[in-house]
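Below is the structure I would like to discuss, written out as structure tokens.
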Amino acid sequence: MAEERQTRNTERTRRAVLDAATKVILEKGAAVTLAQVAAAAGVSKSGLIHHFGNRDQLVIAVVEDVNARAREGVLQRLDLS
């Protein structure tokens, strides 16, 4: 059960960081710092690095996440009949 709780926290933290990074990048541009994203997400910079490794990996994850959400939105509205 503790392992399940840890997984949920990891997923929640990752989601919070991706959401915050998307918002901060839209507001400030691609030159955003990890410290800015960490502050917006309410996590430490080392916590952010634990999930994404470095700034480039975070930006790639944001692009992939935005793409996946857009794709899901299109597929939900697509009428295949």
Side-chain angles (χ1 to χ4, degrees):
M1 179 150 79
E3 185 177 325
E4 183 178 321
R5 187 173 297 144
Q6 182 180 7
T7 301
R8 281 192 301 233
N9 289 339
T10 298
E11 291 168 4
R12 190 177 317 127
T13 301
R14 183 175 171 82
R15 176 82 264 148
V17 170
L18 285 172
D19 291 345
T22 301
K23 181 180 177 187
V24 174
I25 289 170
L26 288 173
E27 291 173 358
K28 300 181 184 278
V32 66
T33 67
L34 290 178
Q36 290 170 320
V37 173
V43 300
S44 66
K45 186 176 170 184
S46 62
L48 188 152
I49 290 170
H50 170 77
H51 289 280
F52 295 98
N54 60 44
R55 186 183 166 283
D56 290 342
Q57 289 177 0
L58 174 62
V59 172
I60 289 168
V62 167
V63 171
E64 290 173 344
D65 183 59
V66 169
N67 184 40
R69 287 177 168 228
R71 187 173 197 280
E72 286 175 24
V74 169
L75 290 176
Q76 287 177 353
R77 290 164 181 81
L78 190 62
D79 182 8
L80 296 175
S81 58

field: Distance-minimising heavy-atom pair for Ala41 and Ala16
entry: CB-O, 3.9 Å
query: Under 4.0 Å between a Lys/Arg side-chain N and an Asp/Glu carboxylate O for Arg69 and Asp19?
result: yes
query: Between atom CD of Gln36 and atom CG of Leu48, what is the distance when rounded to the nearest 0.5 Å?
result: 12.0 Å
- prompt: Which pair of non-hydrogen atoms, one from Thr22 and one from Val62, has the smallest distance, and what is that distance?
  reply: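 Closest pair (atom of Thr22, atom of Val62, distance): OG1-CG1, 3.5 Å.
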message: Quick check for you: to the nearest 0.5 Å, what is the distance between Asn9 atom CG and Glu11 atom CD?
response: 9.5 Å
message: With heavy-atom distances below 4.5 Å as the criterion, would you say the side chains of Ile49 and Asn54 are in contact?
response: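 The answer is no; the side chains never approach within 4.5 Å.
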- prompt: Hey, any chance Val32 and Val66 share a hydrophobic cluster, counting ILVMFWY side chains that come within less than 4.5 Å of each other, even indirectly?
  reply: yes
query: So which heavy atom on Lys45 is nearest to which on Ala35, and how close?
result: CD-N, 4.4 Å
- prompt: Does the side chain to side chain contact (heavy atoms under 4.5 Å, CB included) test come out yes or no for Arg15 and Leu18, once each step is laid out?
  reply: CA-CA 5 Å; Arg15 176 82 264 148; Leu18 285 172; 3.7 Å; yes
- prompt: Would His51 and Leu58 satisfy side chain to side chain contact (heavy atoms under 4.5 Å, CB included), going step by step from the backbone distance to the final call?
  reply: CA-CA 9 Å; His51 289 280; Leu58 174 62; over 6 Å; no
